[in-house]
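Okay, structure first, notes after.
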There are 2 protein chains.
Amino acid sequence: MAPNRTSPDLSYLLDHTSHVLRTRMAAALAEIGLTARMHCVLVHAIEEERTQAQLAEIGDMDKTTMVVTVDALDEAGLAERRPSSTDRRARIIAVTEKGVEVARQSQEIVDRVHAEALGSLAVEDRDALLSALTALATGHLAQPAESQARRARQRS
Amino acid sequence: MAPNRTSPDLSYLLDHTSHVLRTRMAAALAEIGLTARMHCVLVHAIEEERTQAQLAEIGDMDKTTMVVTVDALDEAGLAERRPSSTDRRARIIAVTEKGVEVARQSQEIVDRVHAEALGSLAVEDRDALLSALTALATGHLAQPAESQARRARQRS
DNA sequence: TATTGTTATACTCTATAACTATA
DNA sequence: TATAGTTATAGAGTATAACAATA
């Protein structure tokens with residue numbers, strides 16, 4: 001939505017900046033053949049042994065979205081599915097050596113894109129932005145509220 | 001994407017806060033039967049005589065998306081298509097009396113949702129957030145860069 | 001009975017293409 | 001030749017439903 005003038009248009013500012021940053025990030029990660037989701041799964045799968053369900057929870061993805069993300073990582077030779085030793089239903093996502101190297105590169109890319117954006121701000125604006133956004137994300141805007149969409153889904 | 005710890009995760013903060021705010025806004029506007037797009041079109045159509053194409057430009061919508069938005073406003077009795085007096089191809093979007101009243105309400109809702117979010121912040125955080133976001137939105141994050149998506153679309 | 005992961009499918013949103021009528 | 005608006009359609013992205021294996 002375009003800015004309106006009756007109040008500082010927080011919606012426009014957040015939508016626009018997040019959209020542009022996401023587009024930038026997607027383009028930057030695409031240069032090494034990754035999507036943001038693949039990067040996210042790689043990073044968290046490296047941290048410790050995690051199942052698809054756990055990684056889906058962390059990345060706020062549907063389990064079916066997770067399947068295609070892991071498929072992509074597998075086809076690219078960056079990760080593999082291994083049976084869990086404790087639950088024969090579950091698959092541990094094991095990152096390959098190549099996957100670890102690619103994750104290192106992708107994390108550099110992510111950090112660079114963030115740094116470029118934040119670097120365009122005055123130092124004091126930078127800290128203020130991050131602290132204010134963190135306050136919102138952990139406070140008043142932590143949860144999508146009782147969304148119409150979610151209710152509609154539950155109804156059907 | 002979930003937060004990662006190697007840098008302040010600007011992507012996560014912007015994506016999360018904008019998504020939650022958009023969901024809140026959609027739910028709040030839905031109570032009077034509007035979408036964010038309908039609100040946007042109403043407000044800018046009231047300001048002055050504008051054609052569908054001009055309103056699409058302002059709201060950053062495709063002209064085909066504009067058609068369904070105007071259809072919805074028309075069916076709700078909030079706006080009408082009128083032939084332009086200067087260009088017989090173009091349609092002026094004329095807001096009805098009821099549309100003006102609904103736009104007043106929807107603007108109140110928009111302002112309230114924004115005020116609730118900003119009101120949860122310390123006063124100094126509030127101003128800093130808006131000024132930093134404005135700086136990003138008009139500066140480094142003004143444009144989606146040369147996006148892969150756009151190029152892909154042009155290719156096909 | 002519930003859960004993990006998979007497949008197939010449906011749905012939503014939006015863009016593309018093709019068209020009419022004007023310019 | 002280009003543009004405004006419309007229609008129909010296709011595409012991306014994601015969620016839902018149903019299933020098999022296991023808990």
Side-chain angles (χ1 to χ4, degrees), chain A residues 1 15 18-19 22-23 25-27 29-30 35-38 40-41 45 49-75 79-94 144 147-156, chain B residues 1 15 19 22-23 26 30 35-38 40-41 45 49-75 79-94 144 147-156:
Chain A
M1 198 187 335
D15 282 352
S18 72
H19 173 247
R22 177 168 39 238
T23 304
M25 193 64 81
L29 287 173
T35 62
R37 286 199 172 119
M38 288 164 78
C40 179
V41 169
E49 283 213 346
R50 287 187 165 124
T51 66
Q52 286 190 204
Q54 290 170 330
L55 291 166
E57 166 75 20
I58 291 171
D60 193 30
M61 298 176 219
D62 191 87
K63 61 181 180 177
T64 59
T65 306
M66 192 65 192
V67 170
V68 304
T69 305
V70 174
D71 284 350
L73 289 172
D74 190 0
E75 279 158 32
E80 295 165 358
R81 291 172 168 94
R82 287 198 199 143
S84 162
S85 53
T86 58
D87 183 339
R88 286 200 288 173
R89 296 170 304 181
R91 314 295 182 88
I92 300 293
I93 301 309
S147 83
Q148 305 293 84
R150 189 167 299 275
R151 276 199 233 119
R153 253 183 264 134
Q154 287 173 342
R155 249 186 260 120
S156 65
Chain B
M1 201 187 333
D15 282 351
H19 173 247
R22 178 167 39 237
T23 303
T35 62
R37 285 198 173 122
M38 287 164 79
C40 178
V41 169
E49 282 213 345
R50 285 184 165 127
T51 67
Q52 288 189 202
Q54 290 171 328
L55 291 165
E57 166 75 22
I58 291 171
D60 193 31
M61 298 175 220
D62 192 86
K63 61 182 180 174
T64 60
T65 305
M66 192 65 195
V67 170
V68 304
T69 304
V70 174
D71 284 349
L73 289 173
D74 191 0
E75 280 157 31
E80 295 166 357
R81 291 172 167 94
R82 289 200 198 144
S84 161
S85 54
T86 58
D87 184 340
R88 285 201 290 174
R89 296 170 304 181
R91 313 296 180 87
I92 300 294
I93 302 309
S147 83
Q148 305 292 84
R150 190 167 299 276
R151 276 199 232 116
R153 254 182 263 133
Q154 286 171 347
R155 252 186 257 120
S156 63

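The sequence lines fix the lettering, A, B, ..., with proteins before strands; numbering per chain opens at 1. Computed from heavy atoms alone, side chains included, the values below leave out hydrogens, waters and symmetry copies.
Across all strands, A:Asp87 comes closer than 4.0 Å only to sugar-phosphate atoms, never to a base (heavy-atom distances). Residue A:Thr64 is classed as a base contact, given a heavy-atom separation below 4.0 Å to a base. Within 4.0 Å (heavy atoms only), A:Ser84 reaches no atom of the nucleic acid at all.
A sub-4.0 Å separation between OP1 or OP2 of C:dG5 and a side-chain N or O of A:Arg88 is absent. Between A:Thr65 and D:dA15 there is a side-chain N or O to OP1 or OP2 distance below 4.0 Å.
The interatomic distance linking B:Arg37 (CZ) with C:dA15 (P) rounds to 7 Å, in whole Å. Note: CZ (B:Arg22) to P (C:dC13) measures 12 Å, nearest angstrom. Between B:Arg91 atom CZ and D:dT7 atom P the separation is 9 Å, expressed in whole Å. Here the C1' atom of nucleotide D:dA15 and the CG atom of A:Asp60 are 13 Å apart, to the nearest Å. Taking atom CD of A:Gln52 as the reference point, atom P of C:dT7 lies 10 Å away to the nearest angstrom. Going from atom CG of A:Asp71 over to atom P of C:dA8 covers 12 Å, rounded to whole Å. Put simply, CE on B:Met66 is 17 Å from P on C:dC13, counting in whole angstrom units. The nearest whole Å value for the distance from the CE atom in B:Met61 to the C1' atom in C:dT16 is 19 Å.
For C:dT3, its base sits under 3.5 Å from the side chain of A:Arg89 at one donor and acceptor pair at least.
Here the straight-line distance linking atom CG of A:Leu73 with atom CE of A:Met38 works out to 4.5 Å at 0.5 Å rounding. Note that CE of B:Met66 is 11.5 Å distant from CD of B:Glu57, once rounded to the nearest 0.5 Å.
Just one residue in the list A:Thr69, A:Val70, A:Asp71 forms a side chain to side chain contact (heavy atoms under 4.5 Å, CB included) with A:Val67, and that residue is A:Asp71. Applying side chain to side chain contact (heavy atoms under 4.5 Å, CB included) to A:Arg37 and the options A:Thr65, A:Leu55, A:Leu29 leaves one that passes, A:Thr65.
Side-chain contact between B:Arg50 and B:Ile93: absent, with no pair of heavy atoms (C-beta onward) separated by less than 4.5 Å.
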